[in-house]
Engineer: 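Handing you this structure, nothing more for now.
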Amino acid sequence: MARFLVTGGAGYVGSHLVLTLLERGDEVVVFDNLRTGHRSAVSPGARFVKGDLADPVALEAVLADGRWDGLFHFAALSLVGESMREPMRYLSENAGNGFALIQAAVRHEVPRFVLSSTANIFGSADTPTLAETAVIEPASAYGESKRMIERALLWADRVHGLRSACLRYFNAAGADPRGRLGEDHRPETHLIPLAIDAALGRIPELTIFGDDYDTPDGTCIRDYVHVCDLADAHIRVLDRLDHASVSYNLGNGAGHSVRQVLESVAASLGRDVPARIGPRRAGDPPRLVACSDLIKAEAGWAPRFADLREIVDHAAAWRLEHPYGYG
Ligand code: UDP
């Protein structure tokens, strides 16, 4: 049995990872300030510690509590749009907390560090999909803040031998297929849950952020990857870290436009998605689609839920069952 610390384990992707670790029989400690996470998203088998990464005493206390086989770092501000209104907050909080955590991990000889990073560190590309070798040019302050942590991890490996995996997610979506966990952001800003809410009449309509992009239907194209496939990838990379630090893209490799997502939600629920066209959102590249060949080749990862409709069905099932999210 291995023992892991998960920062942000009460959040969307983190909570799905915690459940997967527990199902493997691992011991899990969740460290989360519950600012955006939910206590009831933390599966009962995990130990929960309420604390903030910006609090050095709390951080030291949790890391000093026993021996660790690895650490998964999810806790962060994560909204592209917000980061373009408050860039300095994103840079100082996300990067500052990340640096403090890396230092603490080195101090306590944590052997492996897995970072929840983002495709937003890449700018737009001319190629159909983005490989790990694509030019890094963060499109938002959020992406920049993750890039800064990635750079710090490089130095932590070089100088202290801390092995790390930077997992650059494309668009996390869906929910636990058994309906135990789902997506509940407050306020919700993500496309799929908002489209579901619009179809169910919980919000009057969805605003499409721009239909004048250089894409086939004019709306932005993203790569939606199932949250359980992301969780699975976190576990698969652990073994790789015995050899070297890695950076991997994590996506389905298929791009879907905002309009295609709305069609999928409408088909899943059997209802129209009321929508209007609004202005572009700052920080949004027109197209972000992953080439995830590296993690497939090196860690044997492949998405189990690659079909957009299946991803939307899982998200819709959870939202229908939990109209008030985690309550
Ligand atoms: N989007 C939109 N309307 C919304 C929310 C999102 O048109 O109310 C678009 C957004 O511009 C992007 C895509 O949907 O092209 C996915 O956005 P989301 O916020 O879900 O994820 P992000 O790409 O920011 O990680």
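All residue numbers refer to positions in the sequence shown, counting from 1.
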Engineer: With a 4.5 Å heavy-atom cut-off, do L34 and F48 have their side chains touching?
Structural biologist: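 Yes, at least one pair of side-chain atoms sits under 4.5 Å.
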
Engineer: So does D184 pair up with R186, basic N to acidic O under 4.0 Å?
Structural biologist: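 A salt bridge links D184 with R186.
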
Engineer: Does a sphere of radius 6.0 Å around CD in E60 hold more than 12 heavy atoms from other residues, nucleotides or ligands, not counting ones at 6.0 Å or beyond?
Structural biologist: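 Yes, the 6.0 Å shell around CD holds more than 12 heavy atoms from other groups.
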
Engineer: Using every non-hydrogen atom in the two residues, find where A299 and R240 come nearest and quote the distance to one decimal.
Structural biologist: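 Taking A299 first and R240 second, the nearest heavy atoms are CB-CG, 4.0 Å.
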
Engineer: Checking side-chain hydrogen bond (donor to acceptor under 3.5 Å, both in side chains) between N120 and each of S83, S140, S145, which is the one that passes?
Structural biologist: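 Answer after filtering S83, S140, S145: S140.
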
Engineer: So, are R35 and E93 salt-bridged, with charged N and O less than 4.0 Å apart?
Structural biologist: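 Counted as a salt bridge, because a side-chain N and a carboxylate O are separated by less than 4.0 Å.
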
Engineer: Apply the hydrophobic cluster definition, ILVMFWY joined by side-chain contacts under 4.5 Å directly or through others, and give me every member besides W68.
Structural biologist: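 ILVMFWY cluster around W68 also holds L5, V29, F31, V49, L53, L59, V62, L63, L71, L101, I102, V106, V110, F113, L115, I149, L153, L162.
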
Engineer: Counting N and O atoms only, with roles assigned by atom type, does the side chain of D223 sit under 3.5 Å from a partner on the main chain of A290, one being a donor and the other an acceptor?
Structural biologist: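 Indeed, once roles are kept as given, a pair shorter than 3.5 Å links the two residues.
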
Engineer: Could you list who else is in W155's hydrophobic cluster, with ILVMFWY side chains joined at under 4.5 Å, directly or through other members?
Structural biologist: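 Members alongside W155: L154, V159.
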
Engineer: May I ask you to decide if the ring planes of H185 and Y12 are parallel, tilted or perpendicular, using 30° and 60° as cut-offs?
Structural biologist: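 The arrangement is perpendicular - the two ring planes meet at more than 60°.
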
Engineer: How many angstroms lie between atom CD1 of I121 and atom SG of C166, to the nearest 0.5 angstrom?
Structural biologist: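 One finds 8.0 Å between CD1 of I121 and SG of C166.
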
Engineer: Look at D32 together with K50 and state whether they make a salt bridge at an N to O cut-off of under 4.0 Å.
Structural biologist: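 A salt bridge is absent here (no side-chain N lies under 4.0 Å from a carboxylate O).
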
Engineer: Check whether any side-chain heavy atom of V30 lies under 4.5 Å from a side-chain heavy atom of V18, and answer yes or no.
Structural biologist: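 Answer yes - side chains close enough.
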
Engineer: Hey, does R47 have a side-chain heavy atom less than 4.5 Å from the side chain of D65?
Structural biologist: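 They are in side-chain contact.
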
Engineer: Strictly distance-based, threshold 3.5 Å: is any side-chain N or O of S15 a donor or acceptor partner for the main-chain N or O of V42?
Structural biologist: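 Answer holds: no.
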
Engineer: Between atom CG of D239 and atom CD of E298, what is the distance when rounded to the nearest 0.5 Å?
Structural biologist: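 Spacing of CG (D239) from CD (E298) equals 13.0 Å.
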
Engineer: Would you please test K146 and S116 for side-chain contact (heavy atoms from CB on, under 4.5 Å) and show each step?
Structural biologist: CA-CA 8 Å; K146 292 285 182 168; S116 159; 4.1 Å; yes

Engineer: Quick one: do R180 and E23 make a salt bridge, cutoff under 4.0 Å?
Structural biologist: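 A salt bridge is present here (some side-chain N lies under 4.0 Å from a carboxylate O).
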
Engineer: Taking the six-membered ring for Trp, are Y169 and F74 parallel (under 30°), tilted (30 to 60°) or perpendicular (over 60°)?
Structural biologist: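 Geometry flag for F74 against Y169: tilted rings.
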
Engineer: Are L288 and I221 connected into the same hydrophobic cluster when the rule is that any two of I, L, V, M, F, W, Y join if their side-chain heavy atoms are below 4.5 Å apart?
Structural biologist: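 No: no chain of side-chain contacts under 4.5 Å links I221 to L288.
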
Engineer: Say whether L130 and V289 are linked into one hydrophobic cluster, either directly or through other cluster members, by side-chain heavy-atom distances under 4.5 angstrom.
Structural biologist: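 No, because L130 and V289 fall into different hydrophobic clusters, even though each may have its own neighbours under 4.5 Å.
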
Engineer: Between F99 and M148, does a side-chain contact (heavy atoms from CB on, under 4.5 Å) hold up when you go through it step by step?
Structural biologist: CA-CA 9 Å; F99 298 164; M148 289 164 78; 4.3 Å; yes

Engineer: Would a hydrophobic clustering, with Ile, Leu, Val, Met, Phe, Trp and Tyr connected at side-chain separations under 4.5 Å, put V261 with I203?
Structural biologist: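 Yes.
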
Engineer: Are L181 and L21 in one and the same hydrophobic cluster, where Ile, Leu, Val, Met, Phe, Trp and Tyr link if side-chain heavy atoms are under 4.5 Å apart?
Structural biologist: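 No, L181 does not connect to L21 through the hydrophobic network.
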
Engineer: If every non-hydrogen atom of A282 is compared with every non-hydrogen atom of V80, which pair is closest and at what distance?
Structural biologist: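 Reported closest heavy-atom pair: O-CG1, 4.1 Å.
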
Engineer: Going only through I, L, V, M, F, W and Y residues with side-chain contacts under 4.5 Å, is there a path from V6 to L250?
Structural biologist: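 V6 and L250: one cluster.
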
Engineer: Has D272 got more than 12 heavy atoms of other residues, nucleotides or ligands less than 6.0 Å from its CG?
Structural biologist: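 Atom CG in D272 is not crowded, with 12 or fewer foreign heavy atoms closer than 6.0 Å.
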
Engineer: Less than 4.5 Å apart, any side-chain heavy atom of R168 and any of F122?
Structural biologist: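 Sidechains of F122 and R168: in contact.
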
Engineer: Passes salt bridge (charged side-chain N to carboxylate O under 4.0 Å, His left out), D214 versus R287? Steps please.
Structural biologist: CA-CA 9 Å; D214 185 16; R287 180 187 164 88; over 6 Å; no

Engineer: Between T20 (side chain only) and H16 (backbone N and O only), is there a donor and an acceptor less than 3.5 Å apart?
Structural biologist: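 Yes; at least one donor-acceptor contact below 3.5 Å.
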
Engineer: Answer yes or no: is there an ion pair linking D211 with R280, defined by an N-O contact shorter than 4.0 Å?
Structural biologist: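 Between R280 and D211 there is no salt bridge, as every charged N stays at least 4.0 Å from the carboxylate O atoms.
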
Engineer: Under the side-chain hydrogen bond (donor to acceptor under 3.5 Å, both in side chains) criterion, do S247 and E132 qualify, and how do the steps go?
Structural biologist: CA-CA 7 Å; S247 296; E132 286 78 4; over 6 Å; no

Engineer: Should S292 and W301 count as side-chain neighbours, where that means a heavy-atom distance under 4.5 Å?
Structural biologist: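 Side chain of S292 against side chain of W301, heavy atoms only: contact under 4.5 Å found.
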
Engineer: Any side-chain heavy atom of Y90 sitting closer than 4.5 Å to one from E144?
Structural biologist: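 A side-chain contact is absent here, since even the closest heavy-atom pair is not under 4.5 Å.
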
Engineer: Measure across A175 and G182 and return the closest heavy-atom pair with its distance rounded to 0.1 Å.
Structural biologist: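 Of all heavy-atom pairs spanning A175 and G182, the closest is CB-CA, 3.8 Å.
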
Engineer: If you round to the nearest 0.5 Å, how far is OH of Y326 from CH2 of W318?
Structural biologist: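 Rounded to the nearest 0.5 Å, the CH2-OH separation comes to 4.5 Å.
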
Engineer: What's the spacing between R112 CZ and L241 CG if we round to 0.5 Å?
Structural biologist: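 The CG atom of L241 is 6.5 Å from CZ of R112, to the nearest 0.5 Å.
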
Engineer: What is the minimum heavy-atom distance between A10 and A41, and which atoms define it?
Structural biologist: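 Between these two residues, the closest heavy atoms are O-CB, 3.7 Å.
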
Engineer: Taking all non-hydrogen atoms of both residues into account, name the closest pair between A165 and V237 and its distance.
Structural biologist: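 Scanning both residues, the minimum pair turns out to be CB-CG2, 3.8 Å.
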
Engineer: State the CD-CG distance between E150 and L167, to the nearest 0.5 angstrom.
Structural biologist: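 Between atom CD of E150 and atom CG of L167 there are 9.0 Å.
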
Engineer: Closer than 4.0 angstrom, basic N to acidic O: yes or no for R67 and D69?
Structural biologist: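 The answer is yes: the pair qualifies as a salt bridge.
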
Engineer: Looking at D232, I235, V114, L230, which hits side chain to side chain contact (heavy atoms under 4.5 Å, CB included) with L17?
Structural biologist: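 Testing L17 for a side chain to side chain contact (heavy atoms under 4.5 Å, CB included) against D232, I235, V114, L230 leaves exactly one candidate, I235.
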
Engineer: Rounded to the nearest 0.5 Å, what separation is found between the CZ atom of R236 and the CG atom of D229?
Structural biologist: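 One finds 9.5 Å between CZ of R236 and CG of D229.
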
Engineer: Using atom types as modelled and distance alone, determine if a side-chain donor or acceptor of R281 lies under 3.5 Å from a backbone N or O of G81.
Structural biologist: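 A pair under 3.5 Å: no.
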
Engineer: Would you kindly say whether S257 and D217 are connected by a side-chain donor-acceptor distance under 3.5 Å?
Structural biologist: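 Present: a donor and an acceptor within the cut-off.
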
Engineer: Run the salt-bridge test on E183 and R319 with the 4.0 Å N-O cut-off and return the result as yes or no.
Structural biologist: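 A salt bridge is absent here (no side-chain N lies under 4.0 Å from a carboxylate O).
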
Engineer: When the aromatic ring centroids of H190 and Y224 are compared, is their separation below 6.0 Å?
Structural biologist: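 Aromatic pair excluded; centres sit 6.0 Å or further apart.
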
Engineer: Quick check: do R276 and I208 have side-chain heavy atoms less than 4.5 Å from each other?
Structural biologist: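 Side chain of R276 against side chain of I208, heavy atoms only: no contact under 4.5 Å found.
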
Engineer: Step by step, would you call F72 with T7 a side-chain contact (heavy atoms from CB on, under 4.5 Å)?
Structural biologist: CA-CA 6 Å; F72 298 92; T7 76; over 6 Å; no

Engineer: Donor-acceptor pairs under 3.5 angstrom involving side-chain atoms of residues 304-313: please list them, not counting sequence neighbours.
Structural biologist:
residue	atom	partner	partner atom	Å
R309	NE	D313	OD1	2.9
D313	OD1	S268	OG	2.6

Engineer: How far apart are the closest heavy atoms of A46 and L22, and which atoms are they?
Structural biologist: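 For A46 and L22, the tightest heavy-atom pair comes out as N-CD1, 3.8 Å.
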
Engineer: Between R85 and E82 (salt bridge meaning N to carboxylate O under 4.0 Å), is one present in this structure?
Structural biologist: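 Here R85 does not pair with E82 in a salt bridge, since their nearest N and O are not under 4.0 Å apart.
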
Engineer: Any chance you could lay out the salt bridge (charged side-chain N to carboxylate O under 4.0 Å, His left out) test for D26 and R24, step after step, and finish with the verdict?
Structural biologist: CA-CA 6 Å; D26 292 327; R24 277 179 12 135; 2.7 Å; yes

Engineer: Given N252 and R222, is the side-chain contact (heavy atoms from CB on, under 4.5 Å) satisfied, shown in steps?
Structural biologist: CA-CA 10 Å; N252 267 326; R222 294 286 178 275; over 6 Å; no

Engineer: Using a 4.5 Å cut-off on heavy atoms from C-beta on, say whether the side chain of T219 contacts that of Y213.
Structural biologist: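 Answer no - side chains too far apart.
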
